[in-house]
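Reminder, nothing fancy here: chain letters follow the sequence lines and each chain counts from 1.
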Amino acid sequence: MFRWQLDEEGWCMGAVGEHVLRLRQQGRLVEFTGADESFVRSFLRLDDLSLTEQARRWCALDPLFAKAWEGQSGLRILRQDPQECFFSFLCAAVAPIARIRKMLEAVCDEATGDPFGQFPTLEQLLTLRESRLRERGLGFRAERVVLAARKLAEKPESWLESLRGRPLVEIEAELTQFPGIGRKIADCIALFSLDADSAVPVDTHIWRITKTHYAPELSALSLTPANYERASAAFQRKFGPYAGWAQQTLFYQQAVK
DNA sequence: GCTCTACCTTT
DNA sequence: AAGGTAGAG
């Protein structure tokens with residue numbers, strides 16, 4: 001969602017796959033243009049789970065979550081476009097949000113001529129030049145974008161989409177084969193675009209929260225691959241099959257707000 | 001299995 | 001120092 005924009009009247013605008021959506025929430029009502037209702041319901045994941053119900057359970061379970069939920073009740077995981085999600089988090093490594101947005105606008109502009117429209121097709125992404133992307137501020141991510149696009153092009157048609165709904169460990173195993181995609185980025189793509197609701201991306205903020213509140217035995221340790229697994233597992237034990245959703249509310253409270 | 005380091009740029 | 005990854009030791 002890095003390229004989305006919010007206007008003064010509360011409309012959120014951006015591309016999701018084939019659609020260019022406008023959304024606005026007023027109370028319990030969501031207004032929309034750019035797609036039909038079933039698409040919007042699917043994108044917002046309105047029919048998959050009762051977030052209210054999950055949150056009530058999590059609030060009772062954990063005071064830290066309760067506090068975060070108080071400040072940000074209703075924060076949802078969205079069903080994002082897998083290809084845009086893949087390249088977004090490939091670019092996201094060690095960069096603040098404002099910079100990630102600029103990098104993705106540059107990628108889209110280079111590939112399609114429109115920074116805000118539909119995300120480039122694989123064919124369009126294959127036209128990207130590393131040198132151009134470096135000029136546009138991608139830094140060391142430029143090479144990763146080019147190499148990942150090539151590797152993706154070797155897979156069958158709609159390969160990324162076909163990962164949706166597969167077991168999380170399998171999704172992680174597939175995605176971490178790509179250059180520039182380690183466990184954290186794989187988990188972001190899995191959670192935000194592939195329906196892997198239990199995925200808990202452990203970034204620097206979630207690592208700190210986990211050590212402090214959920215797995216004190218990790219408190220003296222650093223974020224190695226083995227400890228990433230332990231932190232993620234601690235979160236999943238605590239919050240259950242929708243742990244990724246709980247993670248996002250805590251993350252937002254800690255890192256964004 | 002863990003630590004250290006380089007990788008680009010912006011604030 | 002920023003919402004990491006990959007290679008070397």
Side-chain angles (χ1 to χ4, degrees), chain A residues 1-4 64 68 71-72 75-78 80 84-107 109-110 115 128-152 171-194 196 199-215 217-233 235 243-257:
Chain A
M1 305 298 291
F2 291 106
R3 296 188 300 137
W4 276 54
L64 186 69
Q72 195 53 48
L75 182 67
R76 308 185 66 79
I77 298 296
L78 304 174
Q80 299 182 229
E84 174 152 12
C85 202
F86 179 99
F87 285 96
S88 293
F89 285 96
L90 187 54
C91 291
V94 215
I97 292 169
R99 186 177 172 202
I100 300 168
R101 179 174 52 242
K102 280 184 61 182
M103 290 190 277
L104 290 168
E105 288 170 10
V107 166
D109 190 30
E110 289 290 324
L128 292 170
R129 286 268 148 267
E130 178 184 342
S131 54
R132 296 283 304 149
L133 294 179
R134 281 182 177 269
E135 287 167 23
R136 292 280 223 133
L138 280 263
F140 60 79
R141 302 160 196 82
E143 183 187 23
R144 297 175 175 183
V145 167
V146 170
L147 293 177
R150 274 186 213 152
K151 192 172 166 72
L152 213 44
I171 296 176
E172 286 165 340
E174 293 286 359
L175 294 180
T176 52
Q177 298 297 111
F178 287 82
I181 300 192
R183 181 77 188 274
K184 190 270 182 178
I185 303 245
D187 282 338
C188 288
I189 300 166
L191 175 64
F192 297 132
S193 74
L194 299 173
V200 178
V202 181
D203 69 345
T204 170
H205 303 284
I206 292 296
W207 174 241
R208 190 166 35 71
I209 292 173
T210 305
K211 289 195 296 186
T212 311
H213 298 280
Y214 304 124
E217 70 275 15
L218 300 177
S219 57
L221 307 177
S222 60
L223 186 47
T224 63
N227 292 335
Y228 182 111
E229 176 58 32
R230 293 176 185 122
S232 218
F235 241 89
W245 292 59
Q247 171 272 155
Q248 192 63 8
T249 290
L250 289 162
F251 173 85
Y252 186 83
Q253 178 71 214
Q254 260 308 304
V256 183
K257 207 164 181 188

Return the set of residues passing ring-ring contact (aromatic ring centres under 6.0 Å, His included) with A:Phe89 (not counting sequence neighbours), or none when no residue passes.
A:Phe2, A:Phe192

Sequence neighbours left out, what passes ring-ring contact (aromatic ring centres under 6.0 Å, His included) with A:Phe178? Give chain and number order.
A:Phe86, A:Trp159

For nucleotides 2-9 of chain C, read 5' to 3', which letter fits each nucleotide if B means a protein heavy atom sits under 4.0 Å from the base, S means only the sugar-phosphate is that close, and - means neither?
BBBBS---

Considering residues at least two apart in sequence or located in another chain, which fulfil the salt bridge (Lys or Arg N to Asp or Glu O under 4.0 Å) criterion with A:Arg183?
A:Glu172, A:Asp187, A:Glu229

Rounding to an integer number of angstrom, what distance separates B:dT5 and C:dG3 when you compare their P atoms?
23 Å

Counterpart residues, side chain to side chain contact (heavy atoms under 4.5 Å, CB included), relative to A:Glu143 (two or more places apart):
A:Glu130, A:Leu147

Partner residues of A:Glu105 under the salt bridge (Lys or Arg N to Asp or Glu O under 4.0 Å) criterion, sequence neighbours left out:
none

Would you list the pairs meeting side-chain hydrogen bond (donor to acceptor under 3.5 Å, both in side chains) in which at least one residue belongs to residues 92-102 of chain A, sequence neighbours left out?
none

For DNA chain B, which ranges pair as stems of 3 or more consecutive Watson-Crick or G-U pairs, with both donor-acceptor distances under 3.5 Å?
B:2-7 with C:4-9

Those residues that, when tested against A:Phe235, pass ring-ring contact (aromatic ring centres under 6.0 Å, His included) (two or more places apart)
A:Tyr214, A:Phe239

The ring-ring contact (aromatic ring centres under 6.0 Å, His included) partners of A:His205 (sequence neighbours excluded) come to A:Phe251

Using the C1' atom in both, what is the distance from C:dA2 to B:dC7, to the nearest Å?
14 Å

Any residue meeting salt bridge (Lys or Arg N to Asp or Glu O under 4.0 Å) with A:Arg3, in chain and number order, not counting sequence neighbours:
A:Glu84

Hey, what do you get for CH2 (A:Trp245) to CG (A:Leu250), rounding to the nearest 0.5 Å?
14.5 Å

Reading DNA chain B 5' to 3', which nucleotide is the first, and which the last, to come under 4.0 Å of any heavy atom in chain A?
B:dC2 to B:dT9

